[in-house]
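Letters A, B, ... mirror the listed sequences (proteins, then strands); counts begin at 1.
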Amino acid sequence: MEKDVEFVKEIASKEKNFPQWYVDVVRKAELADYTTIKGCMVIRPYGYGLWENMQAGLDRRIKETGHKNAYFPLFIPESLLKKEAEHVEGFAPEVAWVTHGGSQKLEERLAIRPTSEAVICSLYSKWIKSWRDLPILINQWVNIVRWEKVTRLFLRTTEFLWQEGHTVHKSEQEAEEETLKILNQVYRDYIEKDLAIPVIIGRKTEKEKFAGALHTYTLEALMSDGKMLQAGTSHNLGQNFAKAFNIKYLDEDQQEKYVWQTSWGTTTRLVGALVMLHGDERGLKLPPKVAPVQVIIVPIMFDKTKKEVLEKAESIRAILKKNFRVEIDTRDGYTPGWKFNEWEMRGVPLRLEIGPKDMAQGQVMLARRDTGEKTAVKEEKLVEIVKELLDNIQENLFTRAKKFLEENIRETSDYNEFKKIIEKKRGLIKTYWCGSKDCEDKIKEETKASIRCIPFEQEEASGKCIYCGKEPSTLVYFARAY
RNA sequence: CGGGGUGUAGCGCAGUUUGGCAGCGCACCUGCUUUGGGAGCAGGGGGUCGGAGGUUCAAAUCCUCUCGCCCCGACCA
């Protein structure tokens with residue numbers, strides 16, 4: 001550990017000062033930076049490259065499940081936003097309003113979208129006439145503005161990027177199936193396979209659900225400081241919006257009926273999750289599937305052999321380029337050691353070193369970011385080995401994270417022990433809850449822990465509520481959350 | 001929006017108590033020597049000391065007002 005700290009002078013210790021470590025890593029790795037606008041960050045090329053790779057993996061899955069992308073306006077007239085009562089109430093405190101066009105005061109204020117249900121529903125009501133128009137499966141990749149009081153890079157910013165899916169169905173069952181399909185086949189698959197982040201899935205309590213939804217499903221990820229982060233949500237909106245926006249269709253049986261809807265989203269917050277879950281004392285550790293640079297070539301340049309080594313490095317890059325995202329660091333004036341640390345801090349999964357010694361033996365050195373392990377590889381085997389190593393790193397990150405998650409799920413039925421765990425160890429607590437908002441609120445008040453989700457797998461034996469002791473109670477996960 | 005803290009070069013800070021040439025480390029630029037786990041030497045550039053007003057021969061330093069940021073609460077993806 002001491003050795004690690006020595007290598008990374010620019011970032012705070014993860015163990016000693018996690019919040020500072022997080023900010024340092026995000027900024028020094030050049031993922032993002034602060035701007036002069038309060039709560040708004042700039043996503044720098046390296047961070048945006050990461051986001052683009054993340055988008056690609058999720059967008060593919062969204063399309064594979066039959067959805068299409070579209071674009072709806074940034075502005076939402078106040079009257080539209082107000083149509084669904086619970087929805088407005090939920091979002092009103094954090095809406096940014098446009099009141100003027102040029103110097104002219106607007107007749108009606110325009111909200112900058114805090115989410116797009118309202119504007120999309122207003123159009124769905126125009127587009128949907130017949131059962132033949134259904135289902136509608138639309139997604140959009142856009143920016144969102146929510147006037148949060150406290151912001152943190154990626155985790156909570158005034159403006160952020162996300163995708164939001166909005167679907168319309170004939171029946172309650174079909175909407176429910178869609179909500180769960182997104183949760184499992186799209187989000188869970190993406191987050192676990194591409195981002196190597198294991199998740200706990202389940203339903204949100206009434207208190208925690210989306211404003212205006214019938215119910216909300218969630219994917220929750222455990223960060224390495226023991227706090228949970230909501231990684232994505234999928235809402236079954238029921239007919240709340242259909243009724244508020246008058247979205248009806250004429251069914252096969254010639255009856256006019258309200259539609260059933262869903263909406264679901266994931267955000268740039270997931271970038272923060274990657275940093276917080278996989279990172280270590282040396283900085284970022286990116287999963288190969290989304291890393292902007294998968295292999296960084298560091299040529300070892302001595303005066304006499306510089307030319308040959310650079311040529312060799314260039315030819316290796318040309319070969320690897322066909323299958324991998326690869327870059328070469330030819331900067332003068334930085335020692336190899338400096339570059340090693342730099343690229344490790346930026347989370348590149350594999351480093352390839354090539355110098356005169358290697359050239360003489362027809363080999364290169366490969367160093368893994370996740371384990372630090374260094375091996376010599378013959379040139380003929382390079383492509384094969386790089387592929388193998390990248391797959392292995394991806395898997396290893398997930399396995400480690402999964403183990404960490406499992407080790408930090410603790411069961412208790414004793415409230416005092418519950419408090420101790422939350423205070424000292426954090427992580428998740430698996431326990432029972434009677435279903436009353438009162439108990440939920442009290443626990444939050446006394447321990448800062450909230451119910452992250454009600455898992456789908458309910459064990460047969462029912463337990464007593466951790467707070468009031470009432471039976472029967474539901475199995476839930478509690479944790480402190482971001 | 002309540003309680004606390006803090007603003008001095010891109011970053012991290014000293015200087016403020018007791019007013020007297022605006023400094024240090026890192027980063028940056030130039031040159032030479034270097035380069036297999038954060039190189040060395042020499043030279044150089046960069047500041048309306050968060051902002052406004054006041055006291056004074058003289059203000060980073062004292063006074064008044066104001067703004068930003070951070071932490072803890074309340075709110076949240």
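With no hydrogens or angles considered, no side-chain donor-acceptor pair links A/D189 and A/N184 at under 3.5 Å. With 3.5 Å as the limit, one finds no donor-acceptor pair spanning the side chains of A/N53 and A/Y48. Counted by atom type alone, A/H67 and A/Q163 present zero donor-acceptor pairs between their side chains at under 3.5 Å. Side-chain contact check for A/T262 and A/T167: at least one donor-acceptor pair (N or O, by modelled atom type) lies under 3.5 Å.
When Watson-Crick and G-U wobble pairs are counted only if both distances are under 3.5 Å, B/U34 pairs with no nucleotide at all. B/C75: no Watson-Crick or G-U partner with both key distances under 3.5 Å is found in any strand. Base pairing analysis places B/G7 opposite B/C67; the two distances defining the Watson-Crick or G-U wobble pair are each below 3.5 Å. Nucleotide B/U48 has no partner under the Watson-Crick or G-U criteria, as no pair reaches both atom distances under 3.5 Å. Pairing for B/G19 is absent, judged as Watson-Crick or G-U wobble with the two contacts each under 3.5 Å.
One interatomic measurement links the two molecules: CZ of A/R331 to P of B/G38, which rounds to 16 Å at whole-angstrom precision. Separating the CG atom of A/D332 from the C1' atom of B/C29 is a distance of 15 Å, rounded to the nearest angstrom. Atom-to-atom, CD of A/E344 to C1' of B/G36 comes out at 14 Å; the value is rounded to the nearest Å. Distance CG (A/L310) to P (B/U35): 15 Å, rounded to an integer number of Å. Atom P of nucleotide B/C26 and atom CG of A/D24 are separated by 19 Å, given to the nearest angstrom. One can place CD of A/E30 at 12 Å from C1' of B/G10, the figure rounded to the nearest angstrom. When rounded to the nearest whole Å, the span between NZ of A/K339 and C1' of B/A39 equals 13 Å. Atom CZ in A/R351 sits roughly 12 Å away from atom P in B/G38 (whole-Å rounding).
The nearest pair of heavy atoms linking A/A175 to A/W260 is CB-CB, 3.8 Å.
B/U17 and B/A74 have their C1' atoms separated by 38 Å, given to the nearest Å. The separation of B/A14 from B/G23, taken at their C1' atoms, amounts to 8 Å, rounded to a whole angstrom. Nucleotides B/G50 and B/A9 are separated by 14 Å at their C1' atoms, to the nearest Å. Comparing the same atom, C1', in B/C11 and in B/A52 gives a spacing of 28 Å after rounding to whole Å. To the nearest whole angstrom, the two C1' atoms, one in B/G12 and one in B/G7, are 14 Å apart. Using C1' as the reference atom, B/U66 and B/C72 are 24 Å apart when rounded to the nearest Å. Comparing the P positions of B/G47 and B/A42 gives an interatomic distance of 25 Å, to the nearest angstrom. Across the C1' atoms, B/G4 and B/G51 are found 23 Å apart, a figure rounded to whole Å.
For the side chain to side chain contact (heavy atoms under 4.5 Å, CB included) test, residues two or more places apart in sequence or in another chain that qualify with A/P73 are A/V119. Taking the ring pair (Phe, Tyr, Trp, His ring centres under 6.0 Å) definition, one finds that A/W147 meets it with nothing, sequence neighbours left out. For A/W21, the ring pair (Phe, Tyr, Trp, His ring centres under 6.0 Å) criterion is met by A/F18, not counting sequence neighbours. Residues passing the ring pair (Phe, Tyr, Trp, His ring centres under 6.0 Å) test with A/F160 are A/W162, sequence neighbours excluded. The side chain to side chain contact (heavy atoms under 4.5 Å, CB included) test applied to A/R203 returns A/H215, A/Y217, A/I454, not counting sequence neighbours.
For residues 352-359 of chain A, proximity to RNA chain B is found at A/E353, A/G355, A/P356, A/K357, A/D358, defined as any non-hydrogen atom under 4.0 angstrom from a strand atom. For the segment residues 365-383 of chain A, the set of residues with a heavy atom within less than 4.0 Å of an atom of RNA chain B comprises A/M365, A/K374, in numerical order. Of the residues in residues 287-303 of chain A, those with a non-hydrogen atom less than 4.0 angstrom from any atom of RNA chain B are A/I300, A/M301, A/F302, A/D303.
A/R146 comes within 4.0 angstrom of a nucleotide base, judged by non-hydrogen atoms across all strands. Across all strands, A/T216 comes closer than 4.0 Å to no nucleic acid atom at all (heavy-atom distances).
Under the 4.5 Å side-chain criterion, counting only non-hydrogen atoms from C-beta, A/K204 is not in contact with A/F210.
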- [ ] Begin with the C-alpha distance, continue with both residues' side-chain angles, and end with the deciding distance and a verdict on salt bridge (charged side-chain N to carboxylate O under 4.0 Å, His left out) for A/R351 and A/E344.
- [x] CA-CA 8 Å; A/R351 179 179 71 244; A/E344 276 168 9; 3.0 Å; yes

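Figure legend: A/K430 and A/Y477 shown without cation-pi pairing, the cationic atom not lying both under 6.0 angstrom from the six-membered ring centre and within 45 degrees of its axis.
For the pair A/Y334 and B/C28, the criterion of a side-chain N or O lying under 4.0 Å from OP1 or OP2 is met. Distances shown here put every side-chain N or O of A/T335 at or beyond 4.0 Å from the OP1 or OP2 atom of B/G38.
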Below 3.5 Å between N/O atoms, which protein atoms pair up with nucleotides 69-75 of chain B? Just atom names and distances, please.
residue: B/G73; atom: OP1; partner: A/K448; partner atom: NZ; Å: 2.2

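Residue A/E342 is the one, among A/E342 and A/L155, whose nearest nucleotide of RNA chain B lies closer to the 5' end (criterion: closest heavy atom).
Every pair tested for side-chain hydrogen bond (donor to acceptor under 3.5 Å, both in side chains) that includes a residue from residues 88-98 of chain A fails, sequence neighbours excluded, so the list is empty. Listed by first then second residue, pairs satisfying salt bridge (Lys or Arg N to Asp or Glu O under 4.0 Å) with a partner in residues 113-124 of chain A number zero, not counting sequence neighbours. For residues 337-371 of chain A, the ring-ring contact (aromatic ring centres under 6.0 Å, His included) pairs, not counting sequence neighbours, are A/Y334-A/W338.
At a cut-off of 3.5 angstrom, counting only N and O atoms as typed in the model, there is no donor on one side facing an acceptor on the other between the side-chain of A/R282 and the base of B/G38.
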